[in-house]
Amino acid sequence: MRAVVYGSRSDGHAGVVVELFGADSGLELVGLLDDRPENRGNRVAGLEVIGDRGALGRLVGEGVEAVVLGFGVARGRAKVVEAVEAAGLALPVLIHPSAHVTASATLAAGCQVLPNATVGAGASLGRGVLINSGAIVEHDARLADAVVIDPGAVLAGRVTVECESEVGSGAVIRPDVCVGGGAVVGAGAAVVSDVAAGSTVVGVPARPLRRAQPAG
């Protein structure tokens with residue numbers, strides 16, 4: 001299957017997916033897409049930027065069949081997923097051989113599960129979800145579209161994470177907690193109660209981040 005990578009940082013998630021999935025996933029990676037003009041000259045393992053989001057339709061006519069999400073942030077992820085699907089391109093599910101995904105878990109289009117991550121029994125992952133290395137998503141968790149779980153984070157049973165939320169590295173979320181859409185859980189946070197949509201929580205136990213007040 002001929003595919004392009006959406007993202008172009010060799011020192012970011014694009015470099016990760018090219019190395020982990022470029023050779024052994026059945027994908028023939030033929031180029032990169034990037035919406036940021038300053039990244040147009042980027043190259044990853046010999047692949048070069050061949051367009052932006054507007055090139056999706058053209059690429060279909062050139063025999064490209066799929067897009068691999070090559071950026072690691074949650075914000076804006078859902079719109080990219082929608083644009084790819086609207087162009088008629090596939091979003092392959094990519095699971096590293098060292099990851100453990102139970103048979104009863106369900107993964108929607110575009111999910112990526114990186115090395116040594118775990119997805120437990122009955123867990124449900126929406127479109128474009130990224131489970132980074134060593135993260136644990138326990139039984140019956142529900143992750144909506146475009147969620148990003150950073151390395152080493154732990155989501156206990158029945159946790160819900162809504163669209164485009166991000167859970168930072170090493171964070172722990174107790175059972176039955178809901179993280180609202182667009183929220184950010186800081187690295188190392190211990191989340192023991194629901195997180196409001198759009199908020200950022202940090203610390204142990206996790207509390208909303210206080211913004212600095214302007215002087216005067």
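Numbers here simply count residues along the sequence, with the first being 1. Side chains included, hydrogens not; waters and symmetry mates left out as well; all remaining heavy atoms used.
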Counting C-beta onward and ignoring hydrogens, is there a side-chain heavy-atom pair between [X] and [Y] closer than 4.5 Å?
X	Y	answer
V161	V129	no
V137	V113	no
V30	V4	yes

From [X] [atom1] over to [Y] [atom2], what is the distance, rounded to the nearest 0.5 angstrom?
X	Y	atom1	atom2	answer
S199	R207	OG	CZ	13.5 Å
R77	L130	CZ	CG	5.0 Å
R2	L27	CZ	CG	12.0 Å
L114	H96	CG	NE2	8.5 Å
R142	L155	CZ	CG	12.5 Å

- Item | Pairs touching residues 56-73 that satisfy side chain to side chain donor-acceptor pair (under 3.5 Å), sequence neighbours left out |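 Non-adjacent pairs meeting side chain to side chain donor-acceptor pair (under 3.5 Å): R58-E62.
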Would a distance-only check, ignoring hydrogens and angles, find a side-chain to backbone donor-acceptor pair under 3.5 Å from [X] to [Y]?
X	Y	result
T102	G120	yes
Q112	L69	yes
R53	A83	no
S165	G182	yes
S104	G122	yes
S98	N116	yes
E164	G181	no

- Query: Would you call D176 and R158 a salt bridge, taking side-chain N to carboxylate O under 4.0 Å as the test?
  - Reply: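 R158 and D176: salt-bridged.
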Closest heavy-atom pair and its distance - [X], [Y]:
X	Y	answer
P92	V68	CG-CG2, 4.1 Å
V195	A183	CG1-CB, 3.8 Å
V201	A189	O-CB, 4.4 Å
L32	N42	CD1-O, 4.2 Å
P175	V159	CA-CG2, 4.3 Å
V148	G72	CG1-O, 3.5 Å

- Query: What do the steps show when you test I95 against L107 for side chain to side chain contact (heavy atoms under 4.5 Å, CB included), and what is the final call?
  - Reply: CA-CA 10 Å; I95 302 172; L107 280 62; 3.9 Å; yes
Check whether [X] and [Y] end up in the same hydrophobic cluster, where Ile, Leu, Val, Met, Phe, Trp and Tyr are linked by side-chain heavy atoms less than 4.5 Å apart.
X	Y	answer
L29	L94	yes
I149	V172	no
M1	L47	yes
I50	V60	yes
V17	V147	no

Qualifying residue for side-chain contact (heavy atoms from CB on, under 4.5 Å) with [X], from [options]:
X	options	answer
L143	T160, I131, V119	I131
S10	V44, V16, V18	V44
L33	V5, L56, V49	L56

- Message: Quick test of your reading: applying salt bridge (Lys or Arg N to Asp or Glu O under 4.0 Å), list the pairs with at least one residue in residues 38-52, sequence neighbours left out, ordered by first then second residue.
- Response: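 Only R40-D52, R43-E48 qualify under salt bridge (Lys or Arg N to Asp or Glu O under 4.0 Å).
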- Any salt bridge (Lys or Arg N to Asp or Glu O under 4.0 Å) pairs touching residues 111-132, not counting sequence neighbours?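 Only E85-R127, R127-D145 qualify under salt bridge (Lys or Arg N to Asp or Glu O under 4.0 Å).
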- Message: Set out, in order, the CA-CA distance, both residues' side-chain angles and the distance that settles side chain to side chain contact (heavy atoms under 4.5 Å, CB included) for E138 and I136, then state yes or no.
- Response: CA-CA 6 Å; E138 264 298 352; I136 297 174; 3.9 Å; yes
- Message: L209 vs V184, test: side chain to side chain contact (heavy atoms under 4.5 Å, CB included). Steps then yes/no.
- Response: CA-CA 10 Å; L209 181 65; V184 176; over 6 Å; no
- Task: Using the six-membered ring of F71, assess whether NZ or CZ of R9 lies under 6.0 Å from its centre and within 45 degrees of the ring axis.
- Result: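 Ring-cation test returns no.
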